[in-house]
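Residue numbers begin at 1 in each chain, while the letters A, B, ... track the order of the sequences.
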Protein chains: 2
Amino acid sequence: MAFKSDIEIAREAKKRPIQEIGDKLGIPTEHLLPYGHDKAKVSQDFITSLEGKKDGKLILVTAINPTPAGEGKTTTTVGLGDGLNRIGKKAVICIREASLGPNFGMKGGAAGGGYAQVVPMEEMNLHFTGDFHAITSAHNLLSAMIDNHIYWGNELEIDARRVTWRRVMDMNDRALRDTVVNLGGVSNGFPRQTGFDITVASEVMAILCLSKNLDDLQERLGRIVVAYRRDKTPVYCRDIKADGAMTVLLKDAMQPNLVQTLENNPAFVHGGPFANIAHGCNSVIATKTALKLGEYVVTEAGFGADLGAEKFFDIKCRKAGLKPAAAVIVATVRAMKMNGGVAKADLNNENVDAVKKGCPNLGRHIANVKGFGVPVVVAINHFYSDTDAEVQAVKDYVAEQGSEAILCQHWAKGSEGTVDLANKVVQLAESGSANFAPLYPDDMPLFQKIETIAKRIYHADEVLADKSIRDQLKTWEEAGYGNLPVCMAKTQYSFTTDPNRRGAPTGHSVPVREVRLSAGAGFIVAICGEIMTMPGLPRTPAAETIRINDEGNVEGLF
Amino acid sequence: MAFKSDIEIAREAKKRPIQEIGDKLGIPTEHLLPYGHDKAKVSQDFITSLEGKKDGKLILVTAINPTPAGEGKTTTTVGLGDGLNRIGKKAVICIREASLGPNFGMKGGAAGGGYAQVVPMEEMNLHFTGDFHAITSAHNLLSAMIDNHIYWGNELEIDARRVTWRRVMDMNDRALRDTVVNLGGVSNGFPRQTGFDITVASEVMAILCLSKNLDDLQERLGRIVVAYRRDKTPVYCRDIKADGAMTVLLKDAMQPNLVQTLENNPAFVHGGPFANIAHGCNSVIATKTALKLGEYVVTEAGFGADLGAEKFFDIKCRKAGLKPAAAVIVATVRAMKMNGGVAKADLNNENVDAVKKGCPNLGRHIANVKGFGVPVVVAINHFYSDTDAEVQAVKDYVAEQGSEAILCQHWAKGSEGTVDLANKVVQLAESGSANFAPLYPDDMPLFQKIETIAKRIYHADEVLADKSIRDQLKTWEEAGYGNLPVCMAKTQYSFTTDPNRRGAPTGHSVPVREVRLSAGAGFIVAICGEIMTMPGLPRTPAAETIRINDEGNVEGLF
C-alpha cells in the first residue's frame with residue numbers, strides 16, 4: 001500500500017483564512033491578531049472579556065507508555081476534536097507548540113498525522129509566532145542581569161558558585177551544556193562555570209504555561225530562585241528586578257495561538273514545557289480560553305498517563321482549578337504487542353496472545369486515571385496491519401476493566417474515523433460521572449507526595465533517597481514550599497525507572513537522585529534517572545539536507 | 001516649553017490597518033502577510049513579480065559626524081518621506097530595524113521623533129516580526145553544526161583553535177564575550193575558547209541585508225569562512241552543509257516589513273547590520289522592492305556621511321546596482337556649535353561664531369558626497385533654541401559650497417515642516433544631474449582601497465598597518481577576494497580615529513589594527529580602533545524599570 005506522507009497531506013490542505021476560524025469561536029477581527037493568513041493570536045483584552053462565561057467540558061487525551069511502535073496521541077487529539085465537530089459539538093483542540101532546535105537533529109514532527117493534523121505544519125516546526133524566541137529572550141535577559149549585578153559590585157552578595165539560573169537556546173548544541181563565562185579580564189566580569197539548556201527546559205516556559213494572566217506571570221517570574229548567598233539564603237528574580245522587563249518580553253507570547261485542523265476546526269497551539277523536569281502540557285491560558293469558547297475542549301498531556309496525565313491532574317488542573325469531564329487513553333494493537341514481548345520487526349504479524357499479554361500496561365493506566373475520578377474510554381488508533389482478532393482482544397480486555405475500547409480510523413479518514421469515539425466521549429462527559437480530585441492534598445509533606453505517586457501510580461514498593469535529598473525537602477518545607485505539588489522526572493517508557501521494563505511491573509524501587517525547586521512555576525522536581533536538558537545533534541543532522549527546493553517548498557524538515 | 005514625548009505622540013497615532021497601507025502600494029491582500037493589524041511582510045512571490053518594473057528615485061539621507069547634541073537623521077528620513085507624499089509624490093521610506101538587547105541597557109529608541117515617526121514603536125523595539133530572532137537561530141545553528149562536526153570525528157580537519165565563527169545573542173551580555181565551551185567530558189566535546197557577539201554584529205545579518213533573493217542568500221551563507229585547518233586553508237559554511245537549513249530559517253526574515261508613519265505613509269523597516277564591522281544600511285531587498293512600488297524611496301545610512309554614506313555607496317549601491325538620485329545631509333545648528341567648540345551645557349545660548357567655526361565639518365561631508373556624483377541638499381533639523389542668525393549662518397555657509405540648506409520643522413509639524421525640503425529633493429532628483437560612481441574600482445588592490453577612503457574621504461595623510469596586516473590582505477587577494485570592497489570600522493565621531501577631534505581635521509594617520517574577511521557578506525573589514533561586538537549592561541539597566549503598567553502600557557522602555 002502507498003500512503004501519502006503527513007507533509008504531502010498537509011500541503012494539500014484547504015486552509016481557510018484564520019479570521020474565518022476565529023469567527024467560528026466568536027472572536028472579533030480586532031481581537032484576532034494575525035500572523036500571516038493562517039495563524040493568529042487571541043488578544044489579552046478579549047480573553048479578559050470572557051471572564052464569568054460558562055466553561056465547556058474538558059477532555060484529556062493521554063496514552064499508554066510510549067513504545068517505538070508509536071501510539072498517535074496528538075493524532076487522536078486532533079481526530080477527536082474533528083469528530084466532535086462532525087457530530088455537531090463546538091469543539092476546540094488544545095495542544096503544545098514544537099521546539100525549533102530538535103528539528104535540525106532528527107526530522108521535525110507533524111502536529112498529528114494522516115488526515116488528523118493541525119496546519120500550517122512548516123511554520124509550527126519553525127518560528128511559528130515567535131513564542132519560544134520570546135521565552136529565550138526573557139530567560140537570557142535575567143541571566144545577563146545576574147552577571148551584570150555581580151559585575152557592578154554584587155550588592156545582593158550572590159555566591160558566584162551558586163548561581164543556579166543558566167542560559168537557554170532553542171538549539172541542540174551539546175557544546176553549550178557546560179561552559180565557563182566572564183573570561184577575558186576585568187572588563188568582562190568574574191569567571192564562573194555554568195551552561196545552557198534548551199529553551200523548552202526553561203522555568204520561564206513552565207511559568208508561561210501555568211500563568212493565568214500577565215499579573216500572575218510577573219508574580220511567578222519574580223519568585224524564581226536564581227542563586228544563593230554564601231549563607232545559602234535564596235536570591236530571587238525580583239531581587240534582580242528583572243521580572244517587569246521579562247513580562248514585557250513575554251506579553252505577546254502569553255496570547256494563545258489559533259490555527260486550524262485539516263477540517264478547518266479551531267486549534268490552540270500554545271506553550272510547550274518539557275514533560276520531565278516540567279509538567280508537559282499546553283498553556284493554562286489557552287485551555288481556559290478554549291473552555292470559554294467551545295462546548296468541548298480536547299487537550300493532551302505529555303508521555304504516557306503515569307507521567308503526563310498525573311502531572312496534568314496534579315499540577316495543571318490543581319493549580320488552574322480545571323475539572324476534566326472525561327479522559328481518552330490512546331493505545332494501539334502494535335504497542336500492546338510490544339508490551340507483550342514482540343520485537344519491532346515482527347509487529348506486522350498477527351499475534352493475539354502477545355496483544356493479550358501486553359494489555360495489563362493499558363489496564364493499569366485505566367485504573368490510574370479512574371483513580372482521579374475521571375471516566376475513561378480507550379481509543380484504539382488503527383494501523384492497517386491490525387487484525388480483527390487483535391482489535392477484539394483489546395476490546396475484550398478493556399471491557400473486563402469496566403471501560404470501553406473504540407476503534408478509531410482518523411489517520412486514514414479524518415473525523416469520519418472518530419464518530420464513535422466522539423459519541424462515547426459526549427456520553428461520558430454528559431453523564432456527570434466525573435468527580436475529579438488530585439491524588440494527594442496540598443499539605444502532605446513533600447517526600448510523602450513522591451511516595452504517594454510512586455506507590456499509587458507506578459505500583460512501586462518504595463522510594464529511595466539519600467538523607468541529603470530528604471533534608472533538602474525539609475528545608476524547602478520550612479521555607480514555605482511544602483504545599484507545592486511534585487513534578488516527577490522519570491523515564492516515560494516504563495512504570496519503573498528502567499526504560500526496558502514494559503508491561504505493568506510491581507515491587508520495584510524508585511530512586512530519587514536529585515530534587516530541584518521551581519519556585520516560580522510552583523513545583524518541586526524529583527529527578528529519578530538521567531535527564532538531558534540540552535540535546536546534541538546526531539552524526540548526520542537533518543539540517544544537512546534541509547533546504548528550499550526549486551518549487552519553493554521546504555525539503556528535509558519532515 | 002512642554003513637549004509631548006515621542007512615545008506619547010506614537011500612542012496617539014491614528015494608525016490605519018496595514019492592508020490600507022499595502023493598498024497604497026498596490027500590494028494585494030494575499031501577498032501582504034500581516035503580523036497583528038499594524039505590521040506586515042511582503043511576500044517573496046509578489047517581490048519576484050515586480051521584476052522588470054521601472055524603478056523610482058532613490059534618495060539617501062545622511063548626516064554630519066554625530067555629536068551628543070543629536071542630529072535627527074531618522075527623523076528627517078521619515079519627515080522627508082511624509083513631505084514627498086504631501087506634495088503629491090508616491091514616496092516610500094526604508095529604514096533599519098532596532099536591536100532588542102540594547103533596549104534593556106539604555107532606553108529604547110523611537111524610529112524618528114516628534115511628529116516624524118514610524119509606528120508601532122513598542123513592537124519595533126521588542127520582537128517586531130521576529131527577523132532578528134531568525135538571524136540568531138540561523139547563526140547559532142551553524143555554530144552548533146561546527147562543534148558537532150568536530151565532535152563526530154572532524155572529517156574536515158578543522159583546527160579547533162581556529163574556529164572563527166562564534167555564537168550570537170540579541171542581548172547586552174558581557175559575560176558571554178569570552179567563554180569556554182564543550183566542557184564536561186567526553187560526551188560534550190573538545191573544550192575550546194570562543195564567545196558570543198550581539199546578533200546585529202552577525203555576518204548573517206550583513207548577508208541578509210545584501211542578498212537579492214533566497215538563492216543569493218544561500219550562496220552567500222555557503223561562502224562564509226567558519227574556521228581554518230592547521231595548514232590555514234579555510235573551511236566554509238557549505239562544507240558544514242548548514243547553508244540550506246539556515247536559508248530555511250531565514251526565509252520569512254528575508255521578506256521586508258511594512259509599517260506606517262504617523263501620517264499613514266508606507267515605511268519598510270528591514271534589516272539592521274552594525275554600521276562599523278558591517279555596512280549599516282537597511283536591506284537591499286527592501287530598498288529594491290520600495291523602488292518598484294514608489295516614485296521616491298527615502299533611505300538612510302548609519303553614522304555620519306564619512307562612514308555611512310561611503311559604505312552605502314561603495315558597498316550597498318555598488319553590489320546591488322543602485323543609483324541614488326540625490327542625497328540629503330542632516331545638520332543641526334546645535335551640532336555645528338559643538339563642532340565649533342561649544343560645550344553641551346551651553347548649546348541653548350546663541351553663538352553665531354561657533355556655528356560658523358563648526359561648519360567645515362558639514363562642508364567636507366558635502367564635498368565627499370558630491371564626489372560620488374550625487375547632488376546634495378542640506379536639511380537643517382530645527383530645534384526650538386535655534387536663532388534666525390544661527391540658521392542663516394549655516395545657510396550662507398552651505399550656499400558658499402554651491403549647495404542649498406533648508407530649514408525643516410518636521411519634528412514639530414510633520415510633513416508641513418518638510419515641504420521645502422521635499423520640493424528641493426524633487427528638483428535635484430529630476431534635474432538628472434546625478435551621475436553616481438563608487439569611490440574606487442573593484443580591481444584596485446585592497447590596501448589601496450583603504451588608502452583611497454582614508455585620503456579622499458577622511459583627508460588623512462597616511463594609513464598605518466603592520467606587515468602582518470598587509471600580508472593578510474595579499475593572501476586574500478591571492479585567494480580571489482581582491483575584488484571585494486572595504487568596510488571601514490572607525491569611530492563615527494570624527495574624520496580621524498580620535499573620537500574627540502571634531503570639525504574637519506587634516507594631516508592625520510589612520511592606523512589599521514586588524515582586518516577581517518566577511519566572505520559571505522562580500523567585504524573586507526578594516527578595523528581602526530576598539531570595536532565592541534557584545535555590549536554590556538550599565539550599573540542600573542533600563543530593564544529594572546521596564547514593566548507593564550496598570551493601563552496595560554509598556555513603561556520604562558522609552
Enquirer: Can you tell if the side chain of Ile150(B) reaches within under 4.5 Å of the side chain of Val163(B), non-hydrogen atoms only?
Expert: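 They are in side-chain contact.
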Enquirer: Side chain, backbone, both or neither: which part of Ile240(B) has an atom under 4.5 Å from a heavy atom of chain A?
Expert: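 It is the backbone, since no side chain atom gets that close.
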Enquirer: So what's closer than 4.5 Å to chain B heavy atoms on Pro191(A): side chain, backbone, both or neither?
Expert: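 For Pro191(A), neither part sits under 4.5 Å from chain B.
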Enquirer: Determine the option with the most heavy-atom pairs under 4.5 angstrom with chain A, choosing from Thr29(B), Asn103(B), Leu214(B), Thr540(B).
Expert: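 So the answer, after comparing Thr29(B), Asn103(B), Leu214(B), Thr540(B), is Thr29(B).
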Enquirer: Are there residues of residues 15-22 of chain B that reach to under 4.5 Å of chain A by heavy atoms, and which ones?
Expert: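 Within residues 15-22 of chain B, no residue comes under 4.5 Å of chain A, counting heavy atoms only.
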Enquirer: Among the options Thr179(B), Asn188(B), Asn140(B), pick out the one with the most heavy-atom pairs lying under 4.5 Å from chain A.
Expert: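 Heavy-atom pair counts peak at Asn188(B).
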Enquirer: Does any backbone or side-chain atom of Tyr35(A) lie under 4.5 Å from a heavy atom of chain B? Answer side chain, backbone, both or neither.
Expert: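 Both backbone and side chain.
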Enquirer: Could you have a look at Gly185(B), Gly195(B), Ser187(B), Gly130(B) and say which one has the most heavy-atom pairs with chain A under 4.5 angstrom?
Expert: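 So the answer, after comparing Gly185(B), Gly195(B), Ser187(B), Gly130(B), is Ser187(B).
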Enquirer: Select, from Gln193(B), Glu123(B), Gln218(B), Glu30(B), the one with the greatest count of heavy-atom pairs under 4.5 Å involving chain A.
Expert: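 That would be Glu30(B).
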Enquirer: Rounded at 0.5 Å granularity, tell me how far OG1 in Thr129(B) sits from CG in Leu33(B).
Expert: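 Thr129(B) atom OG1 to Leu33(B) atom CG measures 10.5 Å (nearest 0.5 Å).
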Enquirer: In terms of heavy-atom proximity below 4.5 Å to chain A, should Met169(B) be classed as side chain, backbone, both, or neither?
Expert: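 Side chain of Met169(B) only, per the 4.5 Å heavy-atom cut-off to chain A.
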Enquirer: Identify which of Gly189(B), Gly36(B), Gly101(B), Gly184(B) forms the greatest number of heavy-atom pairs closer than 4.5 Å to chain A.
Expert: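 Most pairs with chain A among the choices: Gly36(B).
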Enquirer: Using non-hydrogen atoms and a 4.5 Å limit, figure out which bit of Leu32(A) sits close to chain B: side chain, backbone, both or neither.
Expert: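 Just its backbone gets close to chain B.
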Enquirer: Within this structure, what is the CD-CZ distance for the pair Glu551(A) and Arg11(A), rounded to the nearest 0.5 Å?
Expert: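 Going from CD on Glu551(A) over to CZ on Arg11(A), the span is 9.5 Å.
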Enquirer: Check whether Glu122(B) gets within reach of chain A through its side chain, its backbone, both or neither, counting any heavy atom under 4.5 Å.
Expert: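 It is the side chain, since no backbone atom gets that close.
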Enquirer: With respect to chain A, which residue among Leu126(B), Asp45(B), Asp38(B), Asp252(B) yields the maximal number of heavy-atom pairs within a distance under 4.5 Å?
Expert: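 Winner by heavy-atom pair count: Leu126(B).
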Enquirer: Ring pair (Phe, Tyr, Trp, His ring centres under 6.0 Å): which pairs involve residues 539-558 of chain B, sequence neighbours left out?
Expert: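 Those involving residues 539-558 of chain B do not exist here.
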Enquirer: Does Arg238(A) pair with Glu219(A) as a salt bridge, N-O distance under 4.0 Å?
Expert: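 Salt bridge between Arg238(A) and Glu219(A), a charged N being under 4.0 Å from a carboxylate O: no.
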Enquirer: Is the cationic atom of Arg174(B) (NZ for Lys, CZ for Arg) positioned less than 6.0 Å from the six-membered ring centroid of Tyr151(A) and within 45 degrees of its normal?
Expert: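 Ring-cation test returns yes.
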Enquirer: So does Arg167(A) pair up with Asp147(A), basic N to acidic O under 4.0 Å?
Expert: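 A salt bridge is present here (some side-chain N lies under 4.0 Å from a carboxylate O).
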Enquirer: What part of Phe196(A) is in contact with chain B, defined as an atom under 4.5 angstrom from a non-hydrogen atom: side chain, backbone, both or neither?
Expert: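 The answer is the side chain of Phe196(A).
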Enquirer: Has Asn148(B) got a side-chain atom pairing as donor or acceptor with Ala144(B)'s backbone, closer than 3.5 angstrom?
Expert: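 Flag not set: sc Asn148(B) to bb Ala144(B) has no pair under 3.5 Å.
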Enquirer: Do the charged groups of Lys41(A) and Asp131(A) touch, with an N to O distance under 4.0 Å?
Expert: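 Answer for the salt bridge query: yes.
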Enquirer: Starting at CE of Met145(B), measure out to CG of Asp239(B) and round the result to the nearest 0.5 Å.
Expert: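 It is 11.5 Å, given to the nearest 0.5 Å.
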Enquirer: Against chain B, label Ala543(A) side chain, backbone, both or neither, depending on which of its atoms sit under 4.5 Å from a heavy atom there.
Expert: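 Both parts, backbone and side chain.
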Enquirer: Hey, what do you get for NE2 (His37(A)) to OG (Ser43(B)), rounding to the nearest 0.5 Å?
Expert: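 Answer rounded to 0.5 Å: 8.5 Å.
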Enquirer: Out of curiosity, His127(A) NE2 to Phe132(A) CZ, how far, rounded to the nearest 0.5 Å?
Expert: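 Rounded to the nearest 0.5 Å, the NE2-CZ separation comes to 13.5 Å.
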Enquirer: Is there side-chain contact between Leu249(A) and Phe104(B), with heavy atoms separated by less than 4.5 Å?
Expert: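 A side-chain contact exists here, since the closest heavy-atom pair is under 4.5 Å.
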